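Here the structure is a predicted model, which means the values were calculated and not measured. Just so it is clear, the values below take in all heavy atoms, side chains as well, and ignore hydrogens, waters and symmetry mates. Remember, it's 1-based here, ligands and their atoms both numbered in the order they're listed.
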Amino acid sequence: MEKVSEAVGAVVRETITVTDNVTGKSLELPVFHATEGPRVADIRRLYRDMGILTYDPGFTSTASCESEITFIDGDEGVLLHRGYAIEDLAEKSDFLEVCYLLLYGSLPNAAEKADFEQTITMHTMVHEQMRTFFSGFRRDAHPMAIMVGVVGAMSAFYHDSTDIHDPHQRMVASHRLIAKMPTIAAMAYKYSIGQPFLYPRNDYSYTENFLHMTFEVPCADKPISPVLSRAMDRIFILHADHEQNASTSTVRLAGSSGANPFACIASGIASLWGPAHGGANEAVLNMLNEIGSKDRIPEYLQKAKDQNDPFRLMGFGHRVYKSYDPRAAVLKKSADEVLDELGVRHEPLLELAMELERIAQEDEYFQDRKLFPNVDFYSGIILRATGFPVSMFTVLFALARTVGWIAQWMEMIEDPVQKIGRPRQLYTGKRRRPYVPLDQR
Ligand code: CMC
C-alpha cells in the first residue's frame with residue numbers, strides 16, 4: 001500500500017492494527033512516513049470507530065500537526081530549518097535571511113533579500129500611543145511581563161492586520177511582529193532603567209538597530225560594536241524556531257480558535273517565560289551565581305539528582321535532544337571567541353559553567369538520562385558579557401522566536417486539515433451525584 005493521504009501531504013506506506021481486547025474489535029490505522037524522523041500513526045479514527053481516547057500527558061508521543069518548517073533529530077543532535085543545518089545558518093547566514101527562510105520556505109535571492117529587509121525596516125516604528133502604554137507598568141516590572149502586555153496590545157493598535165482569513169493581512173501582521181519586536185523589547189528595557197525610548201534607525205541592520213535602541217542614549221553617540229552585533233545576530237538565529245515546543249504549541253493552539261496573530265504571539269511569550277522553557281537562560285545565570293565557585297559544584301549536582309529536591313540543573317536536559325543540543329554546541333564554541341572579542345579576558349562564570357558541564361557529563365545520573373547542556377546553558381554567559389541584565393535574557397529569546405511562532409501560525413492557518421485544538425481527558429473525578437443542601441453537609 002502506498003498512497004498520499006487526502007488529509008496530509010505525508011506518504012502512507014503501511015498500517016498499524018489496534019485491537020481492543022475487551023470488545024475484540026480491530027482497527028487498521030494508516031502510518032505516515034515523515035520526510036525524516038519517526039513514522040506517525042494516524043489515530044484520528046480511534047475515538048470515532050472504537051470509542052477510545054489516547055492518554056499522552058506532555059505530548060511525548062503525539063505529533064500535533066504536519067509541518068515543513070523545522071526538523072530535529074534528538075538522538076543525533078540535528079536541527080534543520082527548511083532542510084538547512086543550524087550550524088550552517090549560524091555561520092553563513094544572518095537573522096533576517098533566516099526569518100525569510102522560515103516564513104517563505106527557501107533562502108532569498110539577492111533581490112528578495114533586499115526587498116524583505118526593506119519591508120521589515122519600514123515597520124520598525126511602533127504606534128506613538130504605545131509609548132504611553134508603557135507608563136502603566138511599575139518600573140520594576142519584569143520585562144517579560146511588559147512584553148506579554150504590550151505585544152497583546154498590538155491587536156488594539158493594528159486593526160488592519162488582524163483578519164486572519166486575509167492572506168495579505170496575515171503577511172502584514174507577520175512583518176509587523178518581526179519588525180516591532182526589537183523596538184518593544186528595547187522599550188521594555190529602557191523603561192526599566194528609566195532612560196528615554198529611542199526611535200529605530202533604518203540605516204542600521206536589524207540587529208544593529210536593536211542594539212542601538214537598547215544601549216544608546218539620545219545625548220551621546222555610542223557606535224554599535226560589529227562584534228557585538230554579529231554575536232547577537234547569531235544568538236537570534238539559534239533561537240529562531242524549534243518545531244512544536246511549548247510556546248509554539250501555545251501559539252498554534254491559541255491561533256486554532258481564530259484569535260488574531262498579536263494575541264497568539266502574546267500567548268507564546270507567556271508560555272516561553274517559564275523556567276522549564278525560555279526562562280531557563282535567566283535561571284542558568286541565577287544558578288551559576290548561586291553556586292559561586294567550583295568547589296560547590298558537587299553539592300548542587302547532588303541536589304539536582306535528589307528526587308525529593310525540586311532543584312534541577314538549569315540549562316540541562318531536553319525533551320527531544322538525547323544528545324548535545326547543536327545550538328549549545330555553537331554557543332559553547334563561540335562563547336570564548338565572543339568574550340575575547342568583547343575584551344572579557346577572564347569570565348569566571350564561563351569557567352564555572354564548563355566545569356559544571358564536565359563533572360555532570362561524567363556522572364552516571366546525567367549519562368543514564370542523556371542529559372546534556374541545552375541552548376540556554378551558554379547563551380546567558382554571552383548575553384551577560386554583552387551588557388544585558390539577566391531579566392532581559394528571555395525577552396531576547398522571545399524576540400528571536402517570534403519569527404518561528406509566526407511561521408508556524410501561518411502554516412497552521414493555511415493547513416486544510418486545521419481545526420480548533422481541543423484535547424480530551426482521562427476523567428477520574430466523581431461520578432454524577434445529587435446536590436446536597438447546605439444544612440445537610
Ligand atoms: N536536572 C536534573 N535532572 C533532570 C533534569 C535536570 N535539568 N532534566 C531532566 N532530569 C531528569 C528528571 O528528573 C527525570 O529523572 P527520572 O527519570 O529519574 O524521573 C529524567 O531526567 C527525565 O526528565 P523529564 O522531566 O521526564 O524530561 P522532560 O522531557 O519532561 O523535561 C526539561 C525536559 C527541559 C523540562 C527538563 O530537562 C528540565 O527541566 N531542564 C531544566 C530546564 C531547562 O534547561 N529548560 C530549557 C530547555 S531547552 C530550551 C527551551 O525549551 O526553551
- Closest non-hydrogen protein atom to atom 49 (C) of ligand 1, residue and atom name please, with distance? Asp376 OD2, 3.1 Å

- Query: Which atom names give the shortest non-hydrogen contact between Pro326 and Ile86, and what distance separates them?
  - Reply: CB-CG2, 4.0 Å

- Task: From atom 25 (O) of ligand 1, work out which of Lys303, Lys322, Arg312 has a heavy atom at the shortest distance.
- Result: Arg312

- Item | Residue and atom name of the nearest protein heavy atom (relative to atom 1 (N) of ligand 1), distance in Å to one decimal | Leu313 N, 3.0 Å

- Query: Taking atom types as modelled, is there a side-chain donor on Arg176 or Ser161 under 3.5 Å from an acceptor on the other?
  - Reply: yes

- Got the closest protein heavy atom to atom 41 (C) of ligand 1, with its distance? Phe316 O, 3.4 Å

- Query: Within a distance of under 4.0 Å, is there any protein heavy atom near atom 28 (P) of ligand 1?
  - Reply: yes

- Item | Residue and atom name of the nearest protein heavy atom (relative to atom 3 (N) of ligand 1), distance in Å to one decimal | Tyr365 OH, 2.9 Å

- Shortest non-hydrogen contact between Glu87 and Val330, atoms and distance: CG-CG2, 4.2 Å

- Would you verify whether the NZ or CZ of Arg312 falls within 45 degrees of the ring axis of Tyr365 while also being under 6.0 Å from that six-membered ring's centre? no

- Counting from 1 in the order shown, the ligand 1 atoms closer than 4.0 Å to a non-hydrogen atom of Gly315 are 43 (C), 44 (O)

- Task: Hey, can you tell me if Phe215 and Phe388 have their rings parallel, tilted or perpendicular (30° and 60° cut-offs)?
- Result: tilted

- Message: Quick test of your reading of the model: are Glu414 and Arg170 salt-bridged, counting only N-O distances below 4.0 Å?
- Response: yes

- Note on the structure: Honestly, for Arg319 the part within reach of ligand 1 (heavy atoms, under 4.0 Å) is both

- Item | Shortest protein heavy-atom distance from atom 4 (C) of ligand 1, along with the residue and atom involved | Leu371 CD1, 3.5 Å

- Item | atom 19 (O) of ligand 1: nearest protein contact (heavy atom, Å) | Gln307 OE1, 3.9 Å

- Query: Taking Tyr206 as the fixed residue, which of Phe116, Phe95, Tyr100 is the one that meets the ring-ring contact (aromatic ring centres under 6.0 Å, His included) rule?
  - Reply: Phe95

- For Met314, the atoms of ligand 1 under 4.0 Å from one of its heavy atoms are 42 (C), 44 (O)

- Task: Please write down residue, atom name and distance for the protein heavy atom closest to atom 16 (P) of ligand 1.
- Result: Arg369 NE, 3.5 Å

- Query: In this structure, are over 12 heavy atoms from other groups packed under 6.0 Å from Arg131 atom CZ?
  - Reply: yes

- Before accepting this row, confirm whether a basic side-chain N of the pair Glu299/Lys303 lies closer than 4.0 Å to the acidic partner's carboxylate O. no

- Task: Kindly indicate whether atom 37 (O) of ligand 1 is approached by any protein heavy atom to under 4.0 angstrom.
- Result: yes

- Message: With a 6.0 Å cut-off on the ring centroids, do Phe372 and Tyr321 count as close?
- Response: no

- Message: Show the atoms of ligand 1 that are less than 4.0 angstrom away from any heavy atom in Gly278.
- Response: 52 (O)

- Message: Aromatic contact between Phe262 and Phe157, with the criterion being ring centroids under 6.0 Å apart: yes or no?
- Response: no

- Does ligand 1 have a heavy atom under 4.0 Å from the side chain of Pro275, from its backbone, from both, or from neither? backbone

- Message: Show the atoms of ligand 1 that are less than 4.0 angstrom away from any heavy atom in Ala280.
- Response: 43 (C), 44 (O), 45 (N), 46 (C)

- Starting from atom 45 (N) of ligand 1, locate the nearest protein heavy atom and write down its residue, its atom name and how far away it is, to 0.1 Å. Ala276 O, 2.9 Å

- Message: Can you check atom 9 (C) of ligand 1: any protein non-hydrogen atom closer than 4.0 Å?
- Response: yes

- Query: Which atoms from ligand 1 have a heavy atom of Phe397 less than 4.0 Å away?
  - Reply: 52 (O)

- Message: Using heavy-atom distances only, which candidate in His239, Arg401, His318, His277 approaches atom 50 (C) of ligand 1 most closely?
- Response: His277

- Query: Is the closest heavy-atom distance from Gly58 to ligand 1 below 4.0 Å?
  - Reply: no

- Kindly give the heavy-atom pair with the smallest separation between His239 and Arg401, and that separation in Å. O-NE, 2.8 Å

- Any idea how His318 and His242 line up, ring-wise: parallel (<30°), tilted (30 to 60°), or perpendicular (>60°)? perpendicular

